[in-house]
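Quick caveat: nothing in here was measured; it's all calculated off a predicted structure. FYI, side chains are in, hydrogens and waters are out, and symmetry mates aren't considered; it's all heavy atoms of this structure.
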Amino acid sequence: MEDGYEASGEFLDVLSGPAWQVLRDPVRAALRGVDPAHGPVLDVGAGTGLGTQILADACPTATVLAVEPSPVLRAVLLSRVAADADLRERVTVLAGDALSASLPEQLGAVLAANMIGHLPPQDRREFWHRVAARLSPGAPLVVNLQPPAEPAVVGFATFGAVRIGRHTYEGGGAAEPAAPDTVTWRMRYRVLDGDGVALREHTVDYPWHVLSEYDLRTELAEAGLRAEVGPMDVVRAVRAG
C-alpha cells in the first residue's frame, strides 16, 4: 500500500510538537475518569506518537494500543515507545488503520486526534459505530475538529518552523475545494540553511474530508454517543443513556 507520508514523514514529528503542546491540556481533560479496568486505551492514527505519549501519561496504569498505517510514521512511533521504559512496557504498536486494525472487544478510551479528515464520510460513520460498540460506559472517545468545516479556499500559510543545528525545517500549506465534502491540501515542506535559502523542498497533495461540529454531533448520536466540545475544539463523546 502506498504511504502518503513517504515524502513528508521526516518533517511531521518536529513540526507537530508545538501543536501537541497546545492540545495537551484539552486532551488530558477530555480523558478524565478513564478506568483501566475497562480495557486498554486506543490511539488511532497515532502518527509519530506525540498523542500516544499524552494518552499514556493521562492513563498511567492502562495498557495502550497505538494504531498507525504509515510505515514512515510508525517507525518514529516505535522509536519513541522503545526509548521510554514506561511506554515500552505498556504500549503496543499496531500496523493498520481505523477500520482494519484488530481491536479488543472492550476499550477504556479512544483518542482519534488529527486524523478524522482522512476518512471518507461512510468510513467515518463506520468508525464511530466500531468504536461505540467497544467503549465501556463512561469511557471517552476523544477527537478534534479541524478547519475548514466546509469546502473552502484556504490561503497558503506557514504552519511551523523549527531550527535544528544549521537547518530550519518548515511546513506550510493551502487548500482548495475538491468535492461537496472534501478539500485538497497542498502541503510544502522545506529545509532552509542559515540564510533562509531552501536546500530541499517537497510538495504533497492529499484529500481531507471536512466535518462541521453539527455533522459530527449528528454522526456520533447516530452511533449512540453523546458529545461535548471543549477548548481547542477537542470533543469528548461517551455512550448516551
Side-chain angles (χ1 to χ4, degrees), residues 3-5 8-98 101-104 107-118 127 131 134-136 139-146 159-164 169 171 189 230-237:
D3 185 355
Y5 290 99
S8 60
E10 72 170 292
F11 298 88
L12 291 186
D13 192 66
V14 294
L15 292 175
S16 297
W20 271 108
Q21 285 300 314
V22 174
L23 283 173
R24 181 181 182 86
D25 288 345
V27 167
R28 286 181 64 93
L31 288 166
R32 64 187 180 274
V34 172
D35 186 345
H38 289 165
V41 297
L42 172 68
D43 186 9
V44 182
T48 63
L50 293 167
T52 307
Q53 197 158 30
I54 293 173
L55 176 61
D57 289 346
C59 309
T61 60
T63 58
V64 182
L65 303 176
V67 174
E68 175 51 50
S70 163
V72 172
L73 301 189
R74 199 166 59 244
V76 183
L77 165 64
L78 189 61
S79 178
R80 171 170 274 111
V81 170
D84 184 289
D86 176 60
L87 296 182
R88 192 165 59 243
E89 288 297 318
R90 295 197 290 131
V91 179
T92 298
V93 175
L94 302 177
D97 58 33
S102 179
L103 301 179
L107 293 168
V110 176
L111 176 62
N114 301 331
M115 57 73 64
I116 204 64
H118 286 303
F127 173 64
V131 166
R134 290 169 167 81
L135 282 175
S136 303
L141 161 66
V142 179
V143 61
N144 61 325
L145 286 162
Q146 293 178 280
F159 299 148
V162 177
R163 183 177 176 181
I164 300 176
Y169 294 79
Y189 299 96
M232 302 304 301
D233 286 332
V234 172
V235 179
R236 171 187 166 95

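Considering CG of Asp13 and OH of Tyr169, their distance stands at 12.5 Å, rounded to 0.5 Å. Rounding to the nearest 0.5 Å gives a distance of 10.5 Å between OG1 of Thr92 and CG of Leu78. Atoms OG1 and CD, on Thr63 and Glu89 in that order, are 12.0 Å from each other to the nearest 0.5 Å. Here CZ of Arg24 is found 10.5 Å from CG of Leu50. Values are rounded to the nearest 0.5 Å. With values rounded to the nearest 0.5 angstrom, Met232 atom CE is found 10.5 Å from Gln146 atom CD. Considering CG of Leu87 and OG1 of Thr52, their distance stands at 8.5 Å, rounded to 0.5 Å.
Across all non-hydrogen atoms, the minimal contact from Ala98 to Met115 is CB-CE, 4.2 Å. Between Asp84 and Gln53, the shortest heavy-atom contact is OD2-NE2, 4.3 Å. When all heavy atoms are compared, the tightest approach of Ala66 to Ala46 is CB-CB, 3.9 Å. Minimum heavy-atom separation, Ala109 to Leu31: CB-CD2, 4.1 Å. Contact between Trp20 and Gly51 at its shortest, heavy atoms only, is CH2-CA, 3.5 Å. Residues Val72 and Gly9 come closest through the heavy atom pair CG1-CA, 3.7 Å.
Using a distance-only test at 3.5 Å, with no hydrogens or angles considered, a donor-acceptor pair links the side chain of Arg32 to the main chain of Ala29. The backbone N or O of Glu68 lies less than 3.5 Å from a partner atom in the side chain of Arg74, making a donor-acceptor pair. Using modelled atom types, no side-chain atom of Ser136 and backbone atom of Ala139 make a donor-acceptor pair closer than 3.5 Å.
Considering Val67, Leu111, Leu135, Leu94 as possible partners of Leu42, the one that fulfils the side chain to side chain contact (heavy atoms under 4.5 Å, CB included) test is Val67.
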Steps toward side chain to side chain contact (heavy atoms under 4.5 Å, CB included) verdict (Leu12, Tyr189): CA-CA 9 Å; Leu12 291 186; Tyr189 299 96; 3.6 Å; yes

Checking side chain to side chain contact (heavy atoms under 4.5 Å, CB included) for the pair Asn114/Leu23: CA distance, chi angles, key distance, verdict? CA-CA 10 Å; Asn114 301 331; Leu23 283 173; 4.0 Å; yes

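In this structure, Val64 and Val41 have side chains that are in contact, with non-hydrogen atoms separated by less than 4.5 Å.
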